[in-house]
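Have a look at the structure below, then the notes.
These numbers come from the heavy atoms of this one structure, side chains and all, not from hydrogens, waters or symmetry mates.
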Amino acid sequence: MALGNKLQSSTVERKWQEKWEKEKIYSPISASPEHPYYNLMMFPYPSAEGLHVGNMYAFTGADVYGRFIRMQGNDVFEPIGLDGFGIHSENYAIKIGKHPTKLAKTTQARFYAQLHSTGNAYDWSKTLETYDPGYYRWTQWIFTRLFKQGLAYRAEAPVNWCPSCKTVLADEQVIAGKCERCASEVSKKKLAQWFFRLASGQRPDGTAYPESLLANLEKIDWSPKVRIAQTNWIGRSEGMEIRFKIEDSNLTIPVFTTRPDTLHGATFLVLSPDSDWVEEFTNEENQESISEYIKTSHKTRFSKAKSRAKTGIFTGKYVLNPLTGKAIPIWVADYVVAGYGSGAIMGVPAHDERDRDFAVKFKIPIVEMQPDESLWVEIEEKGWGERHINYHLRDWLISRQRYWGPPIPMIYCEHCAQDGKGEQKEMPGWYSVPEDKLPVELPFVENYRPTGTGISPLATDPDFYKTPCPGCGQEAKRETDVSDTFLDSAWYYLRYPSVGTSAAAWDPEVTKTWLPVNMYIGGAEHSVLHLLYSRWLAMVFKDMGLIGFEEPFTRFYAHGLLIKEGAKMSKSKGNIVVPDAYIAKFGADTLRTYLMFLGPFDAGGDFRDTGIEGMRRFIDRIWSLYSQKGKKGTVPEEVKKEIVVKMHQTIKKVSEDIAALRYNTAISAIMEFVNLLREDRAQAASAERDAALRTLILLLAPFTPHLAEEIWVNGLGEKFSVHNAAWPEFDRELVKEEEVTIVVQVNGKLRGQLKLKAGESKTQAEIENMARNDTKISSWIVKDSIKKVVYVPGKLINFVTG
RNA sequence: GCCGAGGUGGCGGAACGGUAGACGCACAGGACUUAAAAUCCUGAGACCCAUUUGGGUCGUGGGGGUUCGACUCCCUUCCUCGGCACCA
């Protein structure tokens, strides 16, 4: 067989994509693998523009790694799917006026076609989409399990409200006071919502979930910056909870502080406007002004936090400082947040900058003092309070007043509620939908747009919400909110290997073989959203005996972000670059290699297409190495030797670099190798050249899978497939250069070089003499002025003169 | 404000404390061609001297320091990008 003169990328690429899928070489699940390796990349949410080069950048990087691991003898499972449920998809549907159900169909087809064209080693028999009832049935099942476990609860609370998306948001989805999706200003609204006990939950052994989430970070191999981001987000603080007795009352207000040693300087107490305590101090006199204050504070909740001037209102009541016995005023102010600690603080203006600002503004006394370490003990001994650990992490607000998501599988029965009956004692009237009644299918609702009133569009559909009570059989009402899209993605990795199983969310045997995920590659922007939710849910599953591990991703690698003209690619900025045209013109192999060559994979970069032609030229030059007959004649021995050395050096360098995801330098090493093989002196046929050409294809296979396969099978006549071939090994002896260069320095400056044969062993004295005898070098050394000679064997000699 | 990453030719970027600028893009000159494209070959951090071959000085955001030797380590400062942000 022979290769054509010119590489026809589109034909060749499509041919092999079809062949790979037909031969199922990337479908290892049912093949009882010896070395299972789960190589996962974060699944995309399908926007209607399609996959952009930023997605492709991330996926290619993950695929290169997977292909490398595969060639090292692992059975690599590399799945892909679509995170198509949720606000982002729905907002786009609204914008273009197409129903999300219909839009999902077209974007799915487009995405999968594009993903095929990139040539990744996906297992196309294990795709999943979060909006598929066969998938979200199990998302709902998870919800019901959490409810039964007491980890899902409904409560009325002030929550983040996005006026544009017309829904509530979890804390993690509010970025600098703005909606993570649409960038609108977020305000606070008091609504009854479902929460997961991400922060307040306890493990069977009594450990708080945040504690385990924090402790486990030490055990997993994750990009440090993501671990740090999670640590900060979980935000552990050690301190004390101190009780302040209300004057003329038996009630005490608990306050969390990390500085109990400054208790003697506490001259006031501040309640968050959202604290339940506020009601306690509201009377006819101050009612109007307090509720007015709360209202305005909700509106300005997030705006420019630090620079904001302090505001507040005095309740007219006092508490007693347990240490000084003095009555100190109780204020309400929005610089205290409700969800942290007890929603109340002691104001120590002499010590805390914020408290000082507040005290100055409202003319509250400032008592200067020195912190007193002994108070830690005294407070506990006197029974004023005790040691306490607080977390920044909050419970996960799961409800969304939207259409495009899995309906929350809960039913509320008024009759049972009145009788105090229900599935959970604490929540009378509430029942989870029985497992055999799942999924609660999302009905087709013509007017799916958010209502803006705090209730979901599903609440307008009686056919949907009217249902018999699972407890008493009388008419009851379904929950009409849907769940957060981050719940969909918090467990998808568990489903992939079990796609096709309808009896369970995941097959226990398959799960045992394939999980946890060996390598997870994705964007660092998910540090505190997806990655934290996934970890928590896995921990919960472990505690419920549903899986055998508690950390879902053994290794996580954060890739860099590919941007365009300094900005993240986004529809609103209109800077989305779609790979299709590049793939059509240059081939997927060229684009893949180009993207991986841009710079370090963890650094990302600015996408420019200058230079992509150059990468295509490189691909063509490789092609011509195999399509053209070698030159006649013989190759000198030293050139043969040079080829062998370079080959082994390249294997070493490329292997090490890919293992560390340093793709740009791996590619440059391959380029150097190609450059040598293209030199005239190396052209003539020889066994060494043949070995080099074969090795080159193996090294290229992860980057240019189609080109490598075509040359492997049709150029070299090897057995299909190169992607099942073994990764080449290097010989430690043959990596060594023939000739060693010793750098000669005088006072640290380069003054000359000495060339030595590799095997030659020289003493320092001999090297020194050689250097002195070199006229060029000796001119720099003034006689008898040498104070010191530094010699690094095989590397360098440095003469230090006085 | 706090945390994290980073500042190297015209550009993307390489460099276990040991020859700074690998590899590539863009560029320039040459070969091939009637011509162009494609391809191939050659050159190249800046500056200075010799200008044929060479040789030297400076140079990794700025300023200090450690070291025989610093892009690399330490201190300090400026700038850029990302994350968190009144969390007590």
Would you mind telling me which of B/A88, B/U19, B/C41 lies closest to the side-chain atoms of A/Val337? B/A88
Without decimals, in angstroms, what is the distance between A/Arg616 CZ and B/G24 P? 18 Å
In terms of side-chain heavy atoms, does A/Ser237 have a donor or acceptor partner in A/Asn390 at a distance below 3.5 Å? no
Neighbour count >12 (heavy atoms, 6.0 Å) for atom CD, A/Gln370: no
Across the strands shown, which category fits A/Gly614 at heavy-atom distances under 4.0 angstrom: base, sugar-phosphate, nothing? sugar-phosphate
How would you label the contact of A/Arg751 with the nucleic acid (heavy atoms, under 4.0 Å): base, sugar-phosphate, or nothing? sugar-phosphate
Among the nucleotides B/C23, B/A88, B/C86, which one has an atom lying closest to any side-chain atom of A/Ser237? B/A88
So what does A/Gln745 touch, heavy atoms closer than 4.0 Å: a base, only the sugar-phosphate, or nothing? base
Result for 5'-nearest mapping on RNA chain B, choosing between A/Gly341 and A/Ala229, is A/Ala229
Tell me if the NZ atom of A/Lys361 is crowded by more than 12 foreign heavy atoms within 6.0 Å. yes
Using purine N1 to pyrimidine N3 plus N6-O4 or O6-N4 for Watson-Crick, or N1-O2 and O6-N3 for G-U wobble, each under 3.5 Å, what pairs with B/G6? B/C79
Strand partner of B/G45, provided both Watson-Crick or wobble distances fall under 3.5 Å: B/C58
Tell me which nucleotide among B/C23, B/G4, B/C58 gets nearest to the side chain of A/Lys749. B/C58
With a non-hydrogen cut-off below 4.0 angstrom, is A/Asp606 in contact with a base, only sugar-phosphate, or nothing? nothing
Rounded distance (Å) that lies between atom C1' of B/C86 and atom OH of A/Tyr335: 8 Å
Taken to the nearest whole Å, CG/A/Leu677 to C1'/B/C23 is 16 Å
Write down the distance separating the P atoms in B/C58 and B/A20, rounded off to the nearest Å. 12 Å
Going by distance alone, is a donor N or O of one side chain under 3.5 Å from an acceptor N or O of the other, for A/Arg616 and A/Ser9? yes
If you look at every strand shown and take non-hydrogen atoms under 4.0 Å, does A/Leu796 touch a base, only sugar-phosphate, or nothing? base
Counting the atoms with a prime plus P, OP1 and OP2 as sugar-phosphate, which does A/Pro600 contact under 4.0 Å by heavy atoms, base, sugar-phosphate, or nothing? sugar-phosphate
Looking at every strand, decide which applies to A/Gln753 at a 4.0 Å heavy-atom threshold: base, sugar-phosphate, or nothing. base
Please tell me which of A/Ala344 and A/Val743 maps to the more 5' nucleotide of RNA chain B, matching each residue to the nucleotide holding its nearest heavy atom. A/Val743
If B/G1 has a Watson-Crick or G-U wobble mate with both distances under 3.5 Å, name it; if not, just say none. B/C84
Gap between atoms CZ and P, on A/Arg227 and B/C3 respectively (whole Å): 18 Å
Contact class for A/Lys225 (heavy atom, under 4.0 Å): base, sugar-phosphate, or nothing? sugar-phosphate
Just to verify, which of A/Asn798, A/Leu796, A/Ile767 counts as forming a side chain to side chain contact (heavy atoms under 4.5 Å, CB included) with A/Tyr791? A/Ile767
Listed nucleotide nearest any side-chain atom of A/Arg678, set B/C68, B/A15, B/C40: B/C40
Cationic tip of A/Arg535 within the cone over A/Trp233's six-membered ring, i.e. under 6.0 Å and within 45° of the normal? no
Whom does B/G12 pair with, Watson-Crick or G-U wobble, provided both distances fall under 3.5 Å? B/C23
What does A/Asn798 touch in the nucleic acid at a heavy-atom separation under 4.0 angstrom: a base, only the sugar-phosphate, or nothing? base
As a test of reading the structure: which of B/C16, B/A14, B/C68 is closest to the side chain of A/Lys788, going by heavy atoms? B/C68
